[in-house]
Amino acid sequence: MTSMSVGTATHPAAGKAPTIAGEKKHTRYIVAAVCIFLIALMLFPVFMSLLASIKTPAEAMAAPPTYLPHALSLDNYFKVYDYQVGLPVYLFNSLAVAFLTIVFCLVLAVPAAYGLARFPVPGKEILFVVLLLGLMIPYQALVTPLYLMFSKIGLSNSLVGLALIHTIVQLPFSVFLLRNSFEAIPKALEEAAVTDGCNSWQTLWRVFLPLVKAGIVTVVLFAFIASWNEFLGALIFMSRESNFTIPIMLVNVRTGQHGAIDWGALQAGVVIAVLPCIAIYVLLQKYYMSGFLSGAVK
Amino acid sequence: MQHVEIENVHKSFGSVEVIKGIDLSVAKGQFCALLGPSGCGKSTLLRMIAGLEAVSSGKVFVNGADVTNTHPAKRQIAMVFQSYALYPHMTVRQNISFSLDVAGRPKPEAAQRTEEVARILQLTDFLDRKPAQLSGGQRQRVAIGRALVRSPEVFLFDEPLSNLDAMLRVQMRFELAKLHEELATTMIYVTHDQIEAMTLASKIVVLDAGTISQVGTPLELYNQPANKFVAGFIGSPQMNFLKGRMETVAGREVRLELAGSGSVAILARGGVEDLKPGELEIGIRPEHIRPCNPGDAEANLSGRVELVEHLGNSTVLYVSTGSGRLVVQRSDDLSIRTGDTIGLAVDASRAHVFGADQRAI
Ligand SMILES: Nc1ncnc2c1ncn2[C@@H]1O[C@H](COP(=O)(O)OP(=O)(O)O)[C@@H](O)[C@H]1O
Ligand SMILES: [Mg+2]
């Protein structure tokens, strides 16, 4: 990451690894080696998936498997593209649910966190703890009652309904994270906004939100990843093929038609499923900067 | 009615009363300093004037209007925070024009006003920078600019210079004084630094634990401190306090026997007729004690020099006497050295006597 915060101006040392007098040089090499090893460990399966996806379908299914593809082929991708109602539909469903989850999370978590962080809400500490308790209840325990509830009000088998389920799962964490972000803003900034004539909403919109950008981005990322990868809820709530999301589709691809697992198509699906996650990381990466508040006080 | 008036204002946080009934008036165009040690309630008082803190009881008036329950933005005041509180995501230009923008003022007008303020504060070259790209002094000027742009009736400053280093502080002090001269707007300035208060303000309100200890011009506070607290707080190095026993009163002249050795006759301010002999306290500023030969007739005390500080423009002596350690400051370079035994002559016309209740007599 080369893009540093604007705070760099006041901290000439920022951006360089701090050199502490007496620190042994080789310590840093060891740390680097450990990091590289971990990265390699994480990337290996992804890399193998990528390789498998560009083999011919026959080679992809070969046992024992080959490491490097003997011949390159995009057949697996074409197969996934045309799978059942077609990849575009599944992609759209997944993206729509993820997008709605993000929107619901932000619309609910931002005001809730703002209120809990900056207003004298009576009993807000208890409220907050109750909210966090949601994190401790296993999701699997909630799915069945939620399904019964949602079918009653006609929200099962709908993208909005699934997005709501994902929102329910993601909300406690979002509020928790955003509340901490809001609390980190110095009181004087709020008071400056108040004396400058802002009401609570204007303070939120014009002063606070830009300052919790990093928190918002984190919430968006986590909501996206969680929703994008979520399987159990989607499996239970979606019974129509045209409503399936990518994870459901992948499982179906894997199962194949005749009991044999179509590894090549599966890996192609995995690669396609990973791409949006990488894209959103890269896209939002620059907002992960530290020092949003630098220059505010002192 | 004065420009800013505070009537019997009290403030409690829970069961702790931090402002214990304060009456204060500031004339239009006046530079008034609220001076006191840390924790005495200066910021709380200022924040109540600003409307950022509700009063527990009492009234606040700005420009003749009762603003006790008015929103901060509608009080015609502007506040400069100790921490500057600049909006870090906005440029200097946006920071300054923010209040105009929120108020929905036309863009060209706001832009023009912002430029004007930037010119006054020499910020024109920095208008497109973010606060993080500014030095401490520049940030302070942006904070002032943000207040200035609103053309308030009253400026409120809460220790605006305390985050700056010593040299910049002196420079900004000068710039603030000039700004006040230029604008002639009412300013209320909170500080714990008596030099800042003395140099900037024409009226100083000394606060002590939530009450007003004394109100006066800088020289009134220096020359006629109403009590031991003010006497000790104003002036640097600090005033010397000596225990003494009152012997005789002749007219306004009180003769005191000093603990240890020596005696001194001090001209009291009045009300000494029914003073009974007993323990009193004498206050004498370092600059009002003169070294002399120990045997001289004018010597009230004598003692041994513990330390000599040569400051160039003055010399400070720490003298150990029978009445405790005295600090003596002279503007001339003395040839006295550590270990010398010297006499000390007190300028009796500038000394103060404090009674058992710590009030000046
Ligand atoms: N919001 C608050 N809640 C409780 N106590 C407070 C609050 N604000 C200030 N105080 C207390 O009031 C006293 C005066 O504070 P303050 O006005 O900030 O002092 P100063 O500005 O003179 O240093 C202090 O003892 C402080 O602890
Ligand atoms: Mg203060």
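Among the candidates B:V149, B:N95, B:V102, the residue making the largest number of heavy-atom pairs closer than 4.5 Å to chain A is B:V102.
Dense packing is recorded around CG of A:L133, with more than 12 heavy atoms of other residues, nucleotides or ligands lying under 6.0 Å away. Within 6.0 Å of CD on B:E116 lie more than 12 heavy atoms contributed by other residues, nucleotides or ligands. For B:F61, the CZ atom is densely surrounded, since the number of other residues' heavy atoms within 6.0 Å is greater than 12. For CZ of B:F174, the number of neighbouring non-hydrogen atoms (other residues, nucleotides, ligands) closer than 6.0 Å is 12 at most. For CE of B:M1, the number of neighbouring non-hydrogen atoms (other residues, nucleotides, ligands) closer than 6.0 Å is greater than 12. Around OH of A:Y29, the count of heavy atoms belonging to other residues, nucleotides or ligands within 6.0 Å does not exceed 12.
Considering all non-hydrogen atoms of both residues, B:H89 and A:P210 come closest at CD2-CB, 3.2 Å. Listed here is the closest heavy atom pair of B:R150 and A:D196: CD-OD1, 3.7 Å.
For residues 72-81 of chain B, a heavy-atom distance under 4.5 Å to chain A picks out B:P72, B:A73, B:I77, B:F81, given by residue number.
Looking only at distances, no side-chain donor or acceptor of B:Y87 sits under 3.5 Å from a matching main-chain atom of A:R206.
With a threshold of 4.5 angstrom between heavy atoms, A:E191 approaches chain B through its backbone and through its side chain.
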